[in-house]
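Inspection log for the structure reproduced underneath, given as structure tokens.
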Amino acid sequence: MSVLDFLATNRRQLTCRRHGVIDNTEAPWSCSVCGATLRAAPDLTSVDIRADLDSRPHSMFRFRELLPIESEPRAGAYTGWTPLVKAHRLGGVLRLDNLYLKLDCYNWPTYSYKDRVVASALQRALELGATTVSCVSTGNVGNSVASMAAAVGLEAVIFYPAGLEPAKNVVSLVHGASVIELDGTFDEVNAICRRLAMDTDVPFVNLTLRPFYAEGAKTVSYEIVEQLGWLQPDHVVVPTAGAALITRLAYGFEEMSVLGVTSGPLMPRIHAAQASGCAPIANAFAAGKAVPAPVVPDTIAKSLAIGNPGDGSVALEVISDSSGSAQAVSDEHILAGIELLATTEGVYTEPAGGTAVAATRQLVESGAIAPDDVVVIIISGSGLKTQEVNAGVLGEISRSSTDYDTAKSLFLEKAGRHG
Ligand SMILES: *Cc1c(COP(=O)(O)O)cnc(C)c1O
Ligand SMILES: [Zn+2]
């Protein structure tokens with residue numbers, strides 16, 4: 001069955017959070033009224049996620065009954081269950097006593113949160129009998145699709161906007177994916193891909209399969225809650241682009257609450273972190289608007305450079321329902337955030353993570369976060385794929401000849417052993 005046939009015949013499983021069952025012939029993965037991605041939401045009435053905890057896998061499929069998959073996971077069997085670490089040294093700088101980092105920069109197999117959503121979508125693609133998959137990406141989705149498609153024997157065709165970080169192209173190509181770069185912004189490439197998704201029978205993991213893709217992101221919140229000892233944190237700071245992550249994080253915390261397994265607040269306050277060069281959600285939040293106005297991105301945070309976020313209005317809704325906020329931070333502060341995280345915690349993140357660190361600093365300074373609040377920052381991707389952004393702000397390499405005495409005096413100087 002083609003994915004479009006599947007979406008047409010399974011409409012009742014897929015609902016808009018606000019508008020219920022929707023028949024959208026233009027883009028059947030989203031609501032025709034508000035544009036939000038439809039939900040493939042779980043039935044929570046007969047779920048006992050704390051049963052047999054010891055025998056459950058330490059992966060994103062730990063609570064697989066909460067995900068829209070029907071068969072044994074083949075894609076992403078090792079994805080998820082990333083470390084949640086207490087950040088003592090960064091917490092010292094930011095004056096936060098209970099600061100945690102959710103390190104999806106160490107996700108399997110391509111070092112970003114996208115490994116979760118792509119695993120969830122590919123699992124569905126396999127269940128529907130697809131042999132080729134496609135996607136539209138700012139970099140990390142393409143990397144996850146390339147790697148995971150190779151591992152399960154699917155062909156992959158990936159669409160990118162121009163000007164992507166070189167390493168992200170390499171990671172896609174080395175796994176044998178076809179990469180198509182269109183000369184435009186992500187939003188322009190996305191518009192083309194939406195048409196292709198409707199005109200052809202190739203499933204796009206983040207368009208046609210988007211309801212299944214997005215649900216995979218809820219696993220970040222399930223893990224945070226369990227790793228905190230079944231506690232809901234007070235605040236979560238989330239790098240935000242198309243807003244699959246921030247909306248599904250909220251749904252994940254909400255599901256844990258409904259299941260009655262958590263202590264602490266019913267829901268954390270959810271804060272979006274955006275680059276000021278591409279802040280449609282933060283702009284709308286500041287202006288008190290319910291729908292973000294599209295922008296043309298101009299920022300070093302390329303994985304966040306979506307000017308017309310698909311789930312932007314739902315993001316604003318979950319932010320306001322949770323008494324959260326949306327922050328915009330400059331590229332300069334993003335770079336400072338990357339460096340601060342690396343030098344205090346030994347974690348090298350890409351600009352998206354630097355954006356979340358900078359936004360957290362801003363929230364502390366404005367008093368929105370109190371010193372003893374339990375705060376989790378989502379570090380959503382690795383700096384190893386975006387090294388060129390740090391080139392201008394690094395320390396210098398010291399050089400010497402191989403003459404022993406020259407090398408020794410340089411060493412003593414650097415090691416602080418003078419005279
Ligand atoms: C895609 C991405 C995000 C934002 O995710 P959305 O679901 O599009 O909001 C954040 N961080 C990284 C590293 C990403 O690749
Ligand atoms: Zn709707």
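In listed order, ligands and their atoms are each counted from 1. Only heavy atoms go into these numbers, but all of them, side chains included; no hydrogens, no water, no symmetry mates.
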Is the number of heavy atoms from other residues, nucleotides or ligands under 6.0 Å of D183 CG greater than 12?
no
So if I apply the side chain to side chain donor-acceptor pair (under 3.5 Å) rule between T37 and each of R210, R248, R17, which one comes out positive?
R210
What protein atoms of element N, O or S are positioned under 2.8 Å from the Zn ion (ligand 2)?
C16 SG, H19 ND1, C31 SG, C34 SG
So with a 6.0 Å cut-off around OH of Y111, is the heavy-atom count from everything else above 12?
no
Mind checking whether Y78 and W108 have parallel, tilted or perpendicular rings, split at 30° and 60°?
perpendicular
Mind checking whether L67 and M60 have side chains closer than 4.5 Å, heavy atoms only?
yes
Residues E345 and R89 bridged, charged N to O under 4.0 Å:
no
Would you say the side chains of S172 and N143 form a donor-acceptor pair under 3.5 Å?
yes
Are there any N/O pairs under 3.5 Å between ligand 1 and the protein, and if so, what are their distances?
unit_1: ligand 1; atom_1: 7 (O); unit_2: Y113; atom_2: OH; d: 2.6
unit_1: ligand 1; atom_1: 7 (O); unit_2: A244; atom_2: N; d: 3.1
unit_1: ligand 1; atom_1: 7 (O); unit_2: L245; atom_2: N; d: 2.9
unit_1: ligand 1; atom_1: 8 (O); unit_2: G242; atom_2: N; d: 2.9
unit_1: ligand 1; atom_1: 9 (O); unit_2: A241; atom_2: N; d: 2.8
unit_1: ligand 1; atom_1: 9 (O); unit_2: G242; atom_2: N; d: 3.3
unit_1: ligand 1; atom_1: 9 (O); unit_2: A243; atom_2: N; d: 2.8
unit_1: ligand 1; atom_1: 11 (N); unit_2: S380; atom_2: OG; d: 2.6
unit_1: ligand 1; atom_1: 15 (O); unit_2: K114; atom_2: NZ; d: 2.7
unit_1: ligand 1; atom_1: 15 (O); unit_2: N140; atom_2: ND2; d: 2.8

Please find the pair of heavy atoms, one from F61 and one from G76, that lie closest to each other, and give the distance.
CE1-O, 3.3 Å
Could you walk me through whether E165 and K385 pass the salt bridge (Lys or Arg N to Asp or Glu O under 4.0 Å) test, one step at a time?
CA-CA 7 Å; E165 297 96 338; K385 287 196 260 174; over 6 Å; no
